[in-house]
Amino acid sequence: MLQNVVYAILALITWSAFAYKFRDLIKDWTNRELRLLCLAIATFALPFVTASPWLYVRIDAALGYPNIATLITYVAVAICLASFVALLVSWSSAQSKIRLRHRVIVAYSVTTILSMIVLFLLGDVAEAERPIDFDVFYARTPYITGFLLVYFTLFTVSMTGLVRLCWRYAKAVDAPWLRRGLRTVTIGAGFGLGYSVLKTASLVWGLFGDSPLAVASNDIAPMSASVAAAAFSIGFTMPAWGVGVSRGREFALDYRAYRQLYPLWRDMAYAFPEIVLLAPAPRQTRWSIRTLPRLLRRQVIEVRDGRLALRPHDDAEVEHTARDLRLLRHRQVVEIRDGQLSLRPHYDGEVAETARVLGEARGLTGDDLEAVVEAAQIAAALHARAAGADQDISQPLLPHDPAGGDILREADWLTRVAEAYRKSPVVATVVATTQRTSAAAAA
């Protein structure tokens with residue numbers, strides 16, 4: 001049955017969200033907002049267990065009371081909605097008004113839940129187990145009608161309050177993930193309103209005859225509530241895990257930029273070791289599929305031995321730098337620029353002109369062309385320095401600098417230069433031409 005599958009998936013999502021936040025609650029048990037959030041998520045996750053048709057009939061059989069799973073489900077949802085509204089009140093209200101508003105919410109919720117329990121127990125629901133269409137089948141049953149009306153009223157009032165509070169609070173907050181989470185909850189509350197409106201309309205219509213909304217009440221409304229539950233689980237936990245997503249994305253971008261800058265920075269570091277704090281490690285290890293396991297085991301042992309031997313020489317600044325990828329990237333930028341300044345006596349205007357002509361011939365323009373020209377100048381200058389051929393230039397060429405001193409824009413620009421340095425055929429052609437010219441001149 002589709003509902004069994006859907007409810008199982010949503011139960012997994014919502015209980016996972018509860019476990020995620022309960023871990024934080026264990027660390028900060030006195031946090032009122034965390035307690036409310038965990039209570040809300042737990043009581044929203046519970047109905048996807050008790051309302052699943054496969055478990056519904058087994059719960060009734062275990063407790064010996066027909067359709068008691070409906071009461072458990074609806075009471076859990078009522079507690080959940082009250083907790084969600086109280087949480088939003090805590091977030092969006094002035095401290096002087098929170099206590100009074102919480103008392104109103106608790107009073108209304110307790111009155112509603114007690115009324116639901118009394119009305120359900122007074123009603124006769126023993127005719128048949130109705131895990132899917134309880135609301136339609138027992139809509140005209142004395143007391144059960146009142147039970148359903150009280151529940152749907154609470155649901156509608158709560159969803160309306162969530163839409164209003166989330167929409168208003170989302171406009172006031174600065175934290176992007178909290179704002180996105182609140183908007184997600186607003187969407188979920190909209191689907192929740194769809195559930196309660198369909199259910200209420202079908203119930204009221206059914207009091208006067210057969211309701212044409214019975215099918216929508218049985219099939220569409222629960223799916224709408226399921227979407228609301230998923231949106232709530234995602235939205236209310238988004239401020240916590242969203243920060244991790246942003247950090248992961250930033251780390252991935254920084255790591256990619258770091259790897260792109262590495263070849264250019266490495267060559268600068270080898271040419272001018274005095275400009276760097278942490279010199280690049282040589283990468284001369286040779287391996288094959290056959291020898292890789294042995295090499296890995298040796299590396300682990302030897303790295304551990306080396307780490308123990310280096311303990312007296314540990315440098316807190318170096319250790320911090322190695323953990324901070326963004327700082328490493330910024331160091332790369334500074335050290336590459338220092339290397340370029342040291343290379344200025346080896347820059348040749350003819351190299352820049354040759355690179356520009358070749359780049360234009362390949363259709364390069366703007367910053368793409370300037371990046372290739374700068375990369376070619378660096379590569380040719382490094383080769384000239386390695387060959388010991390200083391250029392007699394009275395006014396050395398200055399590097400192209402479109403960043404205007406902004407370190408982030410500088411990093412982006414040098415990343416483009418490093419990509420051209422590593423991949424551009426123009427750079428390879430210019431270096432080869434320079435080497436042939438130098439060799440001919442030496443001969």
Side-chain angles (χ1 to χ4, degrees), residues 14 18 31-47 50-51 68-123 134-135 139 142-170 182 185-186 188-204 207 221 224-225 228-229 231-233 235-236:
T14 49
F18 170 76
N31 190 312
R32 179 178 56 190
E33 283 74 21
L34 267 177
R35 291 202 304 267
L36 282 172
L37 181 57
C38 287
L39 176 62
I41 296 176
T43 49
F44 217 108
L46 179 61
T50 58
I68 192 66
T70 291
L71 178 62
I72 296 172
T73 299
Y74 286 5
V75 168
V77 173
I79 296 172
C80 165
L81 295 178
S83 302
F84 275 140
V85 173
L87 179 64
L88 262 297
V89 166
S90 295
W91 285 351
S92 60
S93 301
Q95 288 295 322
S96 59
K97 298 180 180 180
I98 290 177
R99 186 181 297 273
L100 175 61
R101 292 178 178 177
H102 276 184
R103 288 176 177 173
V104 172
I105 293 169
V106 170
Y108 175 61
S109 302
V110 169
T111 302
T112 298
I113 291 170
L114 290 176
S115 300
M116 289 168 57
I117 294 172
V118 170
L119 290 169
F120 184 88
L121 296 177
L122 290 174
F134 178 92
D135 302 341
Y143 298 110
I144 299 302
T145 303
F147 162 78
L148 293 172
L149 282 174
V150 169
Y151 170 69
F152 293 145
T153 300
L154 170 68
F155 202 102
T156 303
V157 170
S158 300
M159 289 299 156
T160 302
L162 285 174
V163 169
R164 187 176 65 84
L165 288 171
C166 289
W167 187 258
R168 184 180 66 186
Y169 189 42
L182 290 170
V185 172
T186 304
F191 279 95
L193 274 176
Y195 165 85
S196 61
V197 168
L198 279 174
K199 287 287 189 180
T200 304
S202 178
L203 175 65
V204 173
L207 296 177
S224 183
F232 286 169
S233 298
F236 276 108

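Quick note: residue numbers are just sequence positions, from 1. All heavy atoms count here, side chains included; hydrogens, waters and symmetry mates do not.
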[X] versus [Y], closest heavy-atom pair with distance:
X	Y	value
Val150	Ser115	CG1-CB, 4.4 Å
Gly192	Ala228	N-CB, 3.7 Å
Ser90	Leu36	OG-CD1, 4.1 Å
Thr14	Ile41	O-CG2, 3.4 Å
Val89	Ile98	O-CG1, 4.1 Å
Pro47	Val77	CG-CG2, 3.5 Å

Once side-chain contact (heavy atoms from CB on, under 4.5 Å) is applied, do any residues pair with [X], and if so which ones, sequence neighbours excluded?
X	result
Leu122	Val118, Tyr143
Leu39	Thr43, Ile79, Ser83
Leu71	Ile68, Val75, Ile117, Phe120, Phe147
Val110	Val106, Leu114

| By side-chain hydrogen bond (donor to acceptor under 3.5 Å, both in side chains) - contacts of Thr156 (at least two apart) | Ser196

Out of curiosity, [X] [atom1] to [Y] [atom2], how far, rounded to the nearest 0.5 Å?
X	Y	atom1	atom2	answer
Phe152	Asp135	CZ	CG	4.0 Å
Ile144	Met116	CD1	CE	10.5 Å
Thr73	Leu46	OG1	CG	7.0 Å
Glu33	Leu88	CD	CG	11.0 Å
Leu87	Arg35	CG	CZ	12.0 Å
Phe84	Cys166	CZ	SG	9.5 Å

| field | Leu154/Tyr108 under side chain to side chain contact (heavy atoms under 4.5 Å, CB included): CA gap, chis, key distance, verdict | value | CA-CA 9 Å; Leu154 170 68; Tyr108 175 61; 3.3 Å; yes

| Would a 4.5 Å heavy-atom cut-off, applied to side chains only, mark Leu203 and Leu149 as touching? | yes

| message | Applying salt bridge (charged side-chain N to carboxylate O under 4.0 Å, His left out) as the test, list every pair that has at least one member in residues 145-162; sequence neighbours left out. | response | none

| message | Tell me whether the count of non-hydrogen atoms from other residues, nucleotides or ligands lying under 6.0 Å of CZ in Phe191 goes above 12. | response | no

| said: Can you classify the ring geometry of Phe155 versus Tyr195 as parallel (below 30°), tilted (30 to 60°) or perpendicular (above 60°)? | reply: tilted

| So, Ser202 side chain and Leu198 main chain: donor-acceptor pair closer than 3.5 Å or not? | no

